[in-house]
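We count ligands from 1, going down the list as the structure has it; atoms in each ligand are counted the same way.
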Amino acid sequence: MINIYDLKSKIDFDNLPKHIAIIMDGNGRWAEKRSLPRNFGHQEGMERVIEIVESASQIGIKYLTLYAFSTENWKRPITEIEGLMKILVLYIRRELDRLHKNNIKLNILGDINKLPEAPRKEVIRAIEKTEHNIKMVLNIALNYGGRDEIIYGIKKYLKDVEVGKITYDDLNADNFSNYLYTKGQPDPDLVIRPSGELRLSNFLLYQIAYSEFYFSNILWPDFKENYLYEAIIDYQNRNRRFGGI
Ligand code: FPP
C-alpha cells in the first residue's frame with residue numbers, strides 16, 4: 001500500500017478543490033458487519049469526521065460540507081435518532097476548542113429549529129464561538145434536504161420581493177445562490193460518496209450543477225485520510241469544462 005506521505009506528495013496544491021462535500025454513508029453496514037448496533041457505526045463515523053476535518057483544513061481546503069442528518073432521517077427508529085443527536089453533542093463538546101484553535105468556522109446547512117434542545121444549544125454555541133474564523137468553513141448538513149433548501153430559498157426571495165429588496169426580474173441563477181444555506185460560498189468542486197451507493201440522496205441539489213463526483217466502496221467509518229487524498233488526486237485528473245469545450 002502506498003504510504004500517506006507519497007500519496008500526499010501527489011496532490012497538486014495549486015489545484016485543490018475549494019469546496020469538498022461528503023455524503024457520509026455506510027455507518028450502519030459497518031456496524032452490522034461486526035454484529036454491533038448501528039449507533040456504533042455512527043460513533044466510529046464521528047472519529048472519521050474528526051480526522052477528515054483536520055486533514056482537509058491542514059492541506060488547505062477552504063470549504064468542507066458533511067451530510068450528517070437529512071430531513072428523511074427522522075424516519076429512522078427513535079433510538080438511532082437519539083443516538084445520532086448524542087453523537088453530535090459529544091462531537092461539539094469534544095472538538096469545539098480544537099476547531100476554534102484551528103481557525104475553523106462551523107456553519108449549519110438545514111433548519112436547526114427542529115432539533116431537540118440539547119443539540120440545538122450546542123450547535124448555536126459552536127456557531128457563535130467560531131463565527132469569525134477564516135481558515136476553513138465546516139458546513140454540517142443537519143436536518144437538511146436539497147429540495148427543502150430550494151423551497152426555503154424561494155420563500156426568502158419572495159419575502160425580499162415583497163419588501164422591495166429585489167424585483168421579480170432581478171432573480172437569476174447566480175443571485176439565487178444567496179438565498180440558500182450556502183450563501184456566499186462557492187459551489188462544491190468535488191462531491192464524495194463512500195459506501196458504494198451511486199445516488200445523491202437530496203444533497204445540495206442546486207449547488208452541484210457542475211461538481212465532480214467521486215464514488216468509493218469504502219464505508220464511511222473506514223474512510224481515513226488516505227481516501228480523501230485519493231479522491232482529491234482523482235479530481236485533479238479530471239478535465240472540467242463547465243459546459244464549454
Ligand atoms: C449514513 O449512514 C450516515 C448517517 C445518517 C449519519 C452520519 C453521521 C455521522 C458520521 C456521525 C457523526 C457526525 C457528526 C457531524 C459529528 P447509514 O446509517 O445510512 O449507513 P447504511 O447505509 O450502511 O445503513
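Listed by atom number, the atoms of ligand 1 under 4.0 Å from Leu84 heavy atoms are 6 (C), 8 (C). Near Trp220, the atoms of ligand 1 lying under 4.0 angstrom from a non-hydrogen atom of the residue are 10 (C). For ligand 1, the atoms sitting less than 4.0 Å from at least one non-hydrogen atom of Met24 are 1 (C), 2 (O), 3 (C), 10 (C), numbered in the order shown with element in parentheses. Every atom of ligand 1 is numbered from 1 in the order shown, and the set under 4.0 Å from a heavy atom of Tyr91 is 16 (C).
Residue-level proximity to ligand 1 for Phe69 is absent, since no heavy atom of it falls below 4.0 angstrom.
Between the side chains of Gln207 and Gln185, no donor-acceptor pair of N or O atoms lies under 3.5 Å.
The residue from Asp189, Thr65, Asp187 that alone fulfils the side-chain hydrogen bond (donor to acceptor under 3.5 Å, both in side chains) condition with His19 is Thr65.
Within the structure, salt bridge (charged side-chain N to carboxylate O under 4.0 Å, His left out) contacts touching residues 199-210 (residues at least two apart or in different chains) are Glu197-Arg199. Annotation: ring-ring contact (aromatic ring centres under 6.0 Å, His included) contacts involving residues 142-163, sequence neighbours excluded, comprise Tyr67-Tyr144, Tyr152-Tyr181, Tyr157-Tyr179.
For atom 6 (C) of ligand 1, the nearest protein heavy atom (residue, atom name, distance) is Ala68 O, 3.3 Å. At the top of the distance list for atom 11 (C) of ligand 1, counting protein heavy atoms only, stands His42 O, 3.6 Å. When hydrogens are left out, the protein atom nearest atom 20 (O) of ligand 1 is Gly28 N, 3.1 Å; that is the closest non-hydrogen contact.
The heavy atom nearest to atom 18 (O) of ligand 1, considering only Glu32, Lys33, Arg38, is found in Arg38. Which of Asn27, Ile52, Asn39, Leu219 comes nearest to atom 8 (C) of ligand 1 through a heavy atom is settled by distance: it is Asn27. Scanning Arg76, Arg29, Met46 for the heavy atom closest to atom 19 (O) of ligand 1 points to Arg76. Ranked by closest heavy atom to atom 13 (C) of ligand 1, the top entry among Asn73, Leu138, Val49 is Val49.
Under 4.0 Å is where a charged nitrogen must lie from a carboxylate oxygen, and between Lys156 and Asp160 no such pair does. Salt bridge annotation for Lys86-Glu82: absent, with no cationic side-chain nitrogen under 4.0 angstrom from a carboxylate oxygen.
Counting heavy atoms of neighbouring residues, nucleotides and ligands inside a 6.0 Å radius, atom OH of Tyr5 does not exceed 12 of them.
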Problem - Glu95 vs Arg98, salt bridge (Lys or Arg N to Asp or Glu O under 4.0 Å): CA-CA, chis, key distance, verdict - result: CA-CA 5 Å; Glu95 287 302 302; Arg98 196 195 332 223; 2.9 Å; yes

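Below 3.5 Å of separation, one finds an N or O of Asp25 facing an N or O of ligand 1.
Under the 30°/60° scheme for interplanar angles, the aromatic rings of Tyr227 and Phe223 are found to be tilted.
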